[in-house]
Number of protein chains: 2
Amino acid sequence: MTVQITPAELEIMKIIWDRPGLGASEIAGALVDQQDWTIKTIKTLLTRLVEKGALATTSEGRRYLYTPKIARKAYQKTAAGQLVDRLFNGRAAPLVAQLADARGLTDEDIAELEALLGTLKS
Amino acid sequence: MTVQITPAELEIMKIIWDRPGLGASEIAGALVDQQDWTIKTIKTLLTRLVEKGALATTSEGRRYLYTPKIARKAYQKTAAGQLVDRLFNGRAAPLVAQLADARGLTDEDIAELEALLGTLKS
DNA sequence: CCCTGTTGACCACATTTGTAGTCGATCTTA
DNA sequence: TAAGATCGACTACAAATGTGGTCAACAGGG
């Protein structure tokens, strides 16, 4: 059972992945443009993420600073793996095909994918 | 707001995408190896999927036959798009990179991806 | 023709998720 | 030094989700 991070919690994780070591009110500040949450809501989400083992805390005076306990890349891997397993029979190519069809790939994407395939070919 | 299909519901959808027009007990039969659900549970999930507009029903005698109202590909596209937006800044290449890193790509995947990239290059 | 099994309709209930409120302790500022 | 701001702990509560139960109608086997 991988740690399950909900959509709302993920928004918090993204902030902390970008800037580890923030306190609750700074996270609220970073989210203000983006989410319409009160500080209370953010604190609840932070608590839940700590309970789940997704964040670690350090005390600084009477407040907590939050750092990721689950790395962004690790989470990206599980999430991508889950999607591909659940919906694409574990195969990456059809997933990319649907993405390309749904929204197109940027030139940059195409270039990066080519480079990636190059490194993978034995 | 795209129709939200939960993980449990998705298992049902997959059966019906494969074999549209089944009734509840046949779906239960198809799931028996895979899920440990009673017929009651399956019927509840079917009802919810109909309420959500993901399935359509036809009456056959005193039972219902279920067919997809949301196509598999359409759902794959939304789900893939959501993942890529929420976790990869909308970029496909990093998603594939994480997948490759997490579980490797099969030779077939690599070949298909190359073919796909070929068709996309203007 | 009666019993049994199956069907959909409706109900139940714990857990998770989204969104916040209360409270006592503490920090800060006038 | 007293009042307000802020902190974490704890509580609240509706909606969604997972899982299954009840019940009345009906269909089919003996």
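Below, all heavy atoms of this structure are taken into account, side chains as well, without hydrogens, waters or symmetry copies. Below, chain A is the first sequence line, B the second, and so on; all start at residue 1.
Linking Ile, Leu, Val, Met, Phe, Trp and Tyr whenever their side-chain heavy atoms come within less than 4.5 Å puts B/Leu10 and B/Leu46 in one cluster. Both A/Val3 and A/Leu45 are part of a single hydrophobic cluster, where members link through side-chain heavy atoms under 4.5 Å apart. Under the 4.5 Å side-chain heavy-atom criterion for Ile, Leu, Val, Met, Phe, Trp and Tyr, B/Trp17 and A/Phe88 are members of the same hydrophobic cluster. Residues A/Ile15 and A/Leu65 do not share a hydrophobic cluster, clusters being chains of Ile/Leu/Val/Met/Phe/Trp/Tyr side chains in contact below 4.5 Å.
Of the possible donor and acceptor atoms, one in the side chain of A/Lys14 sits under 3.5 Å from a partner among the backbone N and O of B/Arg86. Of the possible donor and acceptor atoms, none in the side chain of B/Glu112 sits under 3.5 Å from a partner among the backbone N and O of A/Pro94.
Distance, A/Ile39 CD1 to C/dG21 P: 13 Å, rounded to whole Å. For the pair A/Lys40 NZ and C/dC23 P, the computed distance is 11 Å after rounding to whole Å. Rounded to a whole Å, the CD atom of A/Glu9 is 12 Å from the P atom of C/dT19. The nearest whole Å value for the distance from the CZ atom in A/Arg48 to the P atom in C/dA20 is 12 Å. Between B/Glu26 atom CD and C/dT7 atom C1' there is a gap of 13 Å when expressed in whole angstrom units.
Residue contacts shown for A/Thr44 include a base, since a base heavy atom lies under 4.0 Å away. Within 4.0 Å (heavy atoms only), A/Thr38 reaches sugar-phosphate atoms of the nucleic acid but no base atom. Residue contacts for A/Thr6: at a heavy-atom cut-off of 4.0 Å it reaches the sugar-phosphate backbone alone, with no base atom in range.
For the residue pair B/Thr67 and B/Pro20, the shortest heavy atom distance occurs at CG2-CB, 4.0 Å. Across B/Gln98 and A/Lys77, no two heavy atoms sit closer than the pair OE1-CE, 3.0 Å.
Looking at B/Glu9 and B/Lys52, a side-chain N of the basic residue comes within less than 4.0 Å of a carboxylate O on the acidic one, giving a salt bridge.
Put simply, chain B comes within 4.0 Å of DNA chain D, heavy atom to any atom, from D/dT17 to D/dA27, going 5' to 3'.
Within residues 49-66 of chain A, the residues having any heavy atom under 4.0 Å from DNA chain D are, by residue number, A/Arg62, A/Arg63, A/Tyr64.
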